[in-house]
Amino acid sequence: MNQPISILGAGLIGSLLGVYLKKRGLDVHIYDKRSDWRSQQVLSEGRSINMAISYRGWKALQKAGLKEKVEAHTIPMYGRRIHDEHGVTYFQPYGKNDEAIYSVSRNILNQVLLDEAEKEGVQLHFEHKVDHVDVSKNSIDFSLKDGQTKTCKSEVVFGADGAFSSLRTAMQKQMRLNFRQEYISHGYKELTIPATEDGAFAMDPNALHIWPRGNFMLIALPNQDKSFTCTLFMPFEDEKISFDKIRDEQDVVTFFQTYFNDAYQLMPSLTADFCQNQTSALVNIECYPWTVNHCTLIGDAAHAIVPFYGQGMNSGFEDCFILDGLIEKYGTFSWDLVFEKFQKMRKPDTDAICKLAMDNFKEMRDKVSDPRFLIRKKIEAKLHELFPYDWVPLYSMVTFTDIKYSDAYAIGKVQEAVLDKVMSDPFIAQKWENLDYHAILDNVETSRAV
Ligand SMILES: Cc1cc2nc3c(=O)[nH]c(=O)nc-3n(C[C@H](O)[C@H](O)[C@H](O)COP(=O)(O)OP(=O)(O)OC[C@H]3O[C@@H](n4cnc5c(N)ncnc54)[C@H](O)[C@@H]3O)c2cc1C
């Protein structure tokens, strides 16, 4: 009889993968070092770090039969609401009318996925910390809460244990694995805008709010309890404005009054939140190969990216979708083939989304408030409206389609060059509505042919 399948990590990717594999009739076990956080009533709390689900994530959830269950916990955001330094706001739609990204609490999403995995028959093992994996034998050493240790052998081991994966660490010691890790200069801190006294949202709930301020920015996503989770992204140190310059409560107040005054008015617990909540780092991790023998990395363990395209989880869910398609095609007796195809197929795409995420960071913090950037967005929207199949903006390709990330990246570069040329006209602000849009599209066709 076959040995069980082990998934290391009960996070978002490990739990969705568990559902997929169980549906293929496998004996699936998920291990996590944490205790079972589902008992902590996160569903009723409703407030926690939240994230945006977009098309790729939905597609993967739908194939696992989970779309409706997750949808019930989400709020659609149809565009960015930009807040300038004077408190004036304006709305930039993400796509066409009904196109949205969906805000969801990370805890609730994880809980829905884990409950479903358990219901399908996946065995969940909490308080199992992976200490070591012998990749030549698919053998995993765990340490348990009570100080005991345990060793399990598996048919296959999936490392879904996040950016600091224990499986990847073991692979690095036992094979020739290339690895690149880069902390960016910016960190982030979670803050809160609560519901108003009469229990309403304090701002438009159907938008992702952004306060872009050059080298730093604040964003806010809505929660179902009518609060917003805000995230402040800022350099850790060595800049005129950075986390290390905010030393006490008065600094927090002065900083927020100066740069985010409209948000400040809505944040009664700001100083306490700021001082209590930790400042976390942001890391990019690339590695290759992802697979050896019957062990493979997936999700952040294989490709951790900065969060500025909202694609880390979405790309991890897409990993599960693609892997499941390969299992469907080649069966569960051909793991070598499945894993080889998986990493070859997927790596160029995760490399592309990694680059796009960094590029989008620059766009969110610097450009979204630039009037020329807004004209550029309007020209793109018009091109998309006139030629819906021939010009799809890069953001839409990444967020509202399943075009391979690497193809989206390449097409995006061509479109960027064409738009750079259009925008070089000094009178573009006056002319943009009456441009020869067919000629612009012809330029794309010509560039692609070259
Ligand atoms: C501020 C921020 C905002 C984000 N927003 C978005 C967004 O809007 N949209 C989006 O798509 N993505 C977003 N992301 C990215 C997203 O959070 C990650 O891509 C996603 O959580 C990766 O899931 P994962 O299951 O691979 O890893 P993780 O979520 O890190 O889960 C790993 C699991 O493995 C367990 N584990 C780790 N080590 C061990 C060990 N040694 N033994 C046993 N268990 C172990 C951990 O306890 C954890 O449960 C955001 C990230 C950040 C930081």
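Start at 1 and go down the list; that is how both ligands and their atoms are numbered.
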Step by step, would you call Leu356 with Val398 a side-chain contact (heavy atoms from CB on, under 4.5 Å)?
-> CA-CA 9 Å; Leu356 287 169; Val398 169; 3.9 Å; yes
Start with the C-alpha distance between Asn138 and Asn293, add both sets of side-chain angles, then the distance that settles side-chain hydrogen bond (donor to acceptor under 3.5 Å, both in side chains), and finish with yes or no.
-> CA-CA 8 Å; Asn138 305 330; Asn293 297 331; 5.5 Å; no
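Looking at Asp273, its side chain never comes within 3.5 Å of a backbone N or O of Leu191 through a donor-acceptor pair.
Each of His132, His29, His128, His125 was evaluated against Phe142; a single residue qualifies, His128, per the ring pair (Phe, Tyr, Trp, His ring centres under 6.0 Å) test.
Contact annotation: for Ser166 versus ligand 1, heavy atoms closer than 4.0 Å belong to the side chain alone. With a 4.0 Å heavy-atom cut-off, ligand 1 is reached by the side chain of Arg106 but not by its N, CA, C or O. When heavy-atom distances to ligand 1 are checked against a 4.0 Å cut-off, Phe164 has no atom that comes that close, whether in backbone or side chain.
Of the protein's non-hydrogen atoms, Ile13 CG1, 3.4 Å is the one closest to atom 23 (O) of ligand 1. Nearest to atom 53 (C) of ligand 1 among the protein's heavy atoms is Tyr188 OH, 3.5 Å. When only non-hydrogen protein atoms are considered, atom 12 (N) of ligand 1 lies nearest to Met313 N, 3.0 Å. Closest protein heavy atom to atom 36 (N) of ligand 1: Asp161 CB, 3.8 Å. Closest to atom 19 (O) of ligand 1 among all protein heavy atoms lies Asp300 OD1, 2.8 Å.
In summary, the atoms of ligand 1 found under 4.0 Å from a heavy atom of Gly312, numbered by their order in the structure, are 10 (C), 11 (O), 12 (N), 15 (C), 19 (O). Of all the atoms in ligand 1, the ones that sit under 4.0 Å from a non-hydrogen atom of Lys129 are 42 (N). Taking a cut-off of under 4.0 Å to the non-hydrogen atoms of Arg34, the atoms of ligand 1 that pass are 47 (O), 48 (C), 49 (O). Residue-ligand proximity, Gly162 to ligand 1, at heavy-atom distances under 4.0 Å covers atoms 27 (O), 30 (O), 32 (C). The distance from ligand 1 to the heavy atoms of Gly11 drops below 4.0 Å at these ligand atoms: 25 (O), 31 (O), 33 (C), 49 (O). Interface atoms of ligand 1 facing Gln311, defined by a heavy-atom separation under 4.0 Å, are 10 (C), 11 (O). Set against the non-hydrogen atoms of Val130, the atoms of ligand 1 under 4.0 Å away are 40 (C), 41 (N), 42 (N), 43 (C). In summary, the atoms of ligand 1 found under 4.0 Å from a heavy atom of His128, numbered by their order in the structure, are 42 (N), 43 (C).
Of the candidates His125, Glu127, Lys33, it is Lys33 that places a heavy atom closest to atom 43 (C) of ligand 1. Within the set Gly14, Pro307, Gly316, the minimum heavy-atom distance to atom 51 (C) of ligand 1 is found for Pro307. Considering Gly310, Ala52, Ala302 only, the shortest heavy-atom separation from atom 8 (O) of ligand 1 involves Ala52. Residue Met51 holds the heavy atom nearest to atom 14 (N) of ligand 1 of all those in His132, Met51, Glu318, Lys189.
Ion pairing of Glu318 with Arg56 is present here, as a side-chain N (NZ or NE/NH1/NH2) and a carboxylate O approach within less than 4.0 Å.
Two rings, from Phe317 and Trp58, have their centers 6.0 Å or more apart. For Tyr183 and Phe236, the ring centers sit 6.0 Å or farther from each other. A centroid separation of less than 6.0 Å is found between the aromatic rings of Phe228 and Phe201. Ring centers of Phe255 and Phe216: under 6.0 Å apart, within the cut-off.
For Asp32, the heavy-atom gap to ligand 1 drops under 4.0 angstrom. Residue Leu12 places a heavy atom under 4.0 Å from ligand 1. Judged by the shortest distance from any of its heavy atoms, Ala160 lies inside the 4.0 Å radius around the atoms of ligand 1.
Within a 6.0 Å radius of CE in Met175, other residues, nucleotides and ligands contribute more than 12 heavy atoms. The number of heavy-atom neighbours closer than 6.0 Å to NZ of Lys329, taken from other residues, nucleotides and ligands shown, is 12 or below.
Ligand 1 has no nitrogen or oxygen under 3.5 angstrom from a nitrogen or oxygen of Trp37.
Here OG1 of Thr89 is found 8.5 Å from CG of Asp84. Values are rounded to the nearest 0.5 Å. A distance of 5.5 Å separates CD of Glu99 from OG of Ser396, quoted to the nearest 0.5 Å.
A heavy-atom distance below 4.5 Å is found between the side chains of Val253 and Tyr264.
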